[in-house]
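Below is one structure, written out as structure tokens; comments come after it.
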Amino acid sequence: MPGAPYSSWTGPRCPRLQEIHANLVERLQEAKDQGWLGEVDATTAAAAAQ
């Protein structure tokens, strides 16, 4: 279904989606640790847009 959120982390894209998610979590934690509130907001907004 085009435009629908990717609701299942299975299939051939699964490893890549897991990698993207792990990277996002790491970026958010680093931004929080460093006090980069703009980066936290931008990363959170980008994730919500997906």
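Atoms considered below: every heavy atom in the structure, side chains included; atoms not considered: hydrogens, waters and symmetry mates.
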Between E19 and R16, is the closest basic N to carboxylate O distance under 4.0 Å? yes

Just wondering, do E30 and Q34 contact through their side chains at under 4.5 Å, heavy atoms? yes

Minimum-distance pair of heavy atoms, taken over all atoms of L28 and V40: CD2-O, 3.9 Å

What is the distance from atom CZ of R27 to atom OG1 of T44, rounded to the nearest 0.5 Å? 10.0 Å

